[in-house]
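Take a look at the structure set out below.
Chain A is the first sequence line, chain B the second, and so forth, proteins listed ahead of strands; every chain is numbered from 1.
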Amino acid sequence: MLDIQLLRTQPEVVAAGLARRGAAIDLTPFEALEAQRKQVQTQTQDLQARRNTLSKQIGMLKAKGEDVAPVMAEVAGLGDALKANEDKLAVLLAELDAFVAQIPNLPHESVPEGRDEAGNVEVLRWGVPPTFDFKPQDHVELGEGLGGLDFAAGVKIAGSRFTLMKGEVARLHRALAQFMLDVHTTEHGYTEIYAPYLVNPDSLFGTGNLPKFEEDLFRVERSDGTHLYLIPTAEVPVTNIVRGEILDAASLPLKFVCHTPCFRSEAGSYGKDTRGMIRQHQFDKIEMVQIVTPEMSWDALEELTGHAETILRKLALPYRKMALCAGDMGFSAAKTYDLEVWLPAQNTYREISSCSNFEAFQARRMQARCRAKGGKPRPLHTLNGSGLAVGRTLVAVLENYQRADGSVTVPEVLLPYMGGVAVLTPLR
RNA sequence: GGAGGGGUGGCAGAGUGGUCGAAUGUACCUGACUCGAAAUCAGGCGUAGGUGUAAGCCUACCGUGGGUUCGAAUCCCACCCCCUCCGCCA
């Protein structure tokens with residue numbers, strides 16, 4: 001949520017920021033609503049003040065045993081007007097809220113210009129894509145050859161975009177998650193979180209997934225008429241830890257890491273990445289979340305992105321770091337780096353991590369604030385990033401570590417998690 | 001799922017229709033005393049919004065949402081959450 005004061009006082013700044021995103025906005029309805037709100041609110045509060053004064057008089061007169069009829073008569077005349085004003089004000093405030101809630105965040109000044117992913121800027125490239133003296137297989141062929149990826153079973157059990165993993169491949173997947181958690185907790189100072197996989201609508205509003213993106217979520221109805229949603233990322237439960245809180249600024253930064261499955265309905269991506277496990281309804285992800293003061297957040301974004309990069313480097317997976325352009329960023333982000341890992345079979349880099357600074361955008365939606373000693377509460381800043389998407393990391397390992405006979409070498413750093421298995425061997 | 005108890009300021013805890021945004025204690029801040037600290041004394045000390053150059057004034061908020069009333073922390077209804085016991089259960 002943008003600062004409503006910014007909309008009131010500097011609408012041209014908001015319009016310019018949104019234009020960079022390619023999201024033109026007409027602020028005329030907002031200004032009209034604001035003008036009305038101002039007038040109705042002032043009027044309502046005046047009426048309330050009058051009623052309060054008179055009601056107190058009644059109390060005092062009664063205590064003295066005097067006649068209250070004249071005062072009663074005056075206050076009675078206030079009733080209808082007051083009620084009408086209060087109702088009108090409530091409607092106006094709700095409309096204003098709804099309007100502001102659907103405006104995306106403004107891009108930071110350092111965000112590159114651009115309409116879509118073609119405008120993203122490569123800021124760093126690490127590692128050298130491996131060369132093979134054979135035609136590299138993609139992870140589907142490799143995984144099936146190893147007897148470790150069973151796409152048919154996933155489809156039978158649940159439907160398309162679900163996959164079953166077996167044996168050493170399933171273990172490798174688990175090893176990756178354990179490895180990532182261990183690095184972030186022991187080397188990067190994150191506190192491990194285990195969080196609910198189902199969340200309420202308020203939490204999703206807080207991170208910016210609702211109300212605009214409900215079609216991306218799996219919704220679970222309950223018998224009492226309420227509903228929950230399966231989390232699309234651990235960002236949602238973990239960031240909402242601080243919803244409605246006023247934190248001591250001295251306690252920041254808070255750094256959380258959380259391994260969860262993520263559920264995305266992928267509505268609107270029919271036909272995209274249908275092969276393999278690149279785009280699934282369910283995938284595991286290690287998510288890093290930082291809760292910081294406004295002064296910290298830009299350094300924190302670099303740090304957090306570096307933490308995700310560390311995982312790729314330890315796994316010796318070639319990647320590049322992209323600064324997303326204004327038109328390609330998510331709804332809540334002020335700035336985003338994507339990390340893209342090299343996939344030999346596709347002969348290209350594919351997204352494996354997304355690290356964003358949301359500044360106060362989520363904090364305002366969540367009413368999450370911090371207070372320095374003696375100071376006023378103000379919205380804190382939130383960040384998060386994948387560190388990393390586990391399923392896609394598995395794909396990258398399979399493809400980058402493959403050998404001519406269809407076997408796959410286990411990356412060195414994963415050996416402690418693999419119980420002596422150093423090579424995944426294909427079935428006969 | 002059943003029965004009972006309870007949600008008030010950072011914390012504890014009063015308040016059952018009328019100067020209650022809320023006693024008191026505690027924590028915290030400022031000042032006095034002190035070489036300094038402790039103790040003591042005095043003052044301050046919630047959040048959000050409106051209005052004003054400002055001092056200030058005003059409004060809302062006592063789990064949430066409705067209702068009754070001139071007036072609600074207090075009465076009524078619904079819901080949410082927490083605690084205790086019973087049942088069920090990984």
When you compare the protein's N or O atoms with those of nucleotides 17-21 of chain B, which come within less than 3.5 Å of each other, and at what distance?
unit_1 : atom_1 : unit_2 : atom_2 : d
G18(B) : O6     : K62(A) : NZ     : 3.2
G18(B) : N2     : S55(A) : O      : 2.7

Q) Between V75(A) and P377(A), which is nearer to the 5' end of RNA chain B once each is assigned its nearest nucleotide? A) P377(A)
Q. Rounded to the nearest Å, what distance is computed from the CG atom of residue N85(A) to the C1' atom of nucleotide G50(B)?
A. 14 Å
Q: Rounded to the nearest angstrom, tell me the gap between atom CG in L93(A) and atom C1' in G49(B).
A: 9 Å
Q) Any luck finding a side-chain donor-acceptor pair between T382(A) and Q362(A) under 3.5 Å? A) yes
Q. What does U53(B) pair with, Watson-Crick or G-U, if both distances are under 3.5 Å?
A. none
Q: Could you tell me whether E168(A) and R171(A) make a salt bridge, using a distance below 4.0 angstrom between a side-chain N and a carboxylate O?
A: no
Distances under 3.5 Å between nitrogen or oxygen atoms of protein and nucleotides 88-90 of chain B:
none

Q) When the distance from CG of L92(A) to C1' of G50(B) is rounded to whole Å, what number comes out? A) 14 Å
Q: Drop me the distance from Q41(A)'s CD to N85(A)'s CG, to the nearest 0.5 angstrom.
A: 11.0 Å
Q. Within this structure, what is the CZ-to-C1' distance between R369(A) and A48(B), rounded to whole angstrom?
A. 8 Å
Q) Considering Watson-Crick and G-U wobble pairs with both distances under 3.5 Å, what does C20(B) pair with? A) none
Q: If a pair satisfies salt bridge (Lys or Arg N to Asp or Glu O under 4.0 Å) and one of its residues is in residues 288-310 of chain A, list it, with sequence neighbours excluded.
A: K255(A)-E303(A), E295(A)-R378(A), E302(A)-K321(A), E309(A)-R313(A), E309(A)-K321(A)
Q. Under the side chain to side chain contact (heavy atoms under 4.5 Å, CB included) test, which residues partner E266(A), sequence neighbours left out?
A. R161(A), R264(A), S269(A), R279(A), H281(A)
**Q.** Closest non-hydrogen atom pair, V183(A) against T310(A)
**A.** CG1-CG2, 4.4 Å
Q.
Nearest whole Å is fine: how far is U51(B) C1' from Q39(A) CD?
A. 15 Å
Q: Just jot down the side chain to side chain contact (heavy atoms under 4.5 Å, CB included) partners of R50(A), sequence neighbours excluded, or say none.
A: L54(A), E74(A), L78(A)
(Q) Let's test this: given Watson-Crick or G-U wobble pairing with both distances under 3.5 Å, identify the partner of A73(B). (A) none
Q | Residues forming a salt bridge (Lys or Arg N to Asp or Glu O under 4.0 Å) with E214(A), sequence neighbours excluded | A | R219(A)
Q | L149(A) side, atom CG; H139(A) side, atom NE2 - distance, nearest 0.5 Å | A | 6.5 Å
Q) If pairing requires Watson-Crick or G-U wobble contacts with both distances under 3.5 Å, which nucleotide is the partner of G1(B)? A) C86(B)
Q.
Listing request: all salt bridge (Lys or Arg N to Asp or Glu O under 4.0 Å) pairs with a residue in residues 90-109 of chain A, at least two apart in sequence or in separate chains.
A. none
(Q) On the six-membered ring of F205(A), is R365(A) placed so that its NZ or CZ lies under 6.0 angstrom from the centre and within 45° of the ring axis? (A) yes
Q.
For nucleotides 58-69 of chain B, give me one character per nucleotide, 5' to 3': B if any protein heavy atom sits under 4.0 Å from the base, S if the only such contacts are to the sugar-phosphate, - if neither.
A. BBS---------
Q.
Taking the P atom in each of U24(B) and G46(B), what is the distance between them to the nearest angstrom?
A. 14 Å
Q: Using the P atom as the reference point in each nucleotide, state the distance between G21(B) and U26(B) in Å, no decimals.
A: 25 Å
Q | Rounded distance (nearest 0.5 Å) linking atom OG1 of T239(A) with atom CG of L254(A) | A | 11.0 Å
Q. Between L47(A) (CG) and G71(B) (C1'), how many Å, whole number?
A. 16 Å
Q: State which of C70(B), G49(B), U47(B) makes the closest approach to the side chain of R8(A).
A: G49(B)
Interface polar pairs with nucleotides 76-82 of chain B, N/O, under 3.5 angstrom:
none

(Q) Using whole Å, what does the distance between atom P of nucleotide A48(B) and atom CE of M1(A) come to? (A) 14 Å
(Q) How many whole angstroms separate atom CD of Q5(A) from atom P of A48(B)? (A) 12 Å
**Q.** Any residue meeting side chain to side chain contact (heavy atoms under 4.5 Å, CB included) with T28(A), in chain and number order, not counting sequence neighbours
**A.** D26(A)
Q. Ring pair (Phe, Tyr, Trp, His ring centres under 6.0 Å): which pairs involve residues 223-263 of chain A, sequence neighbours left out?
A. H227(A)-Y229(A)
Q: Sequence neighbours left out, what pairs pass salt bridge (Lys or Arg N to Asp or Glu O under 4.0 Å) with at least one residue falling in residues 175-196 of chain A?
A: E187(A)-K314(A)
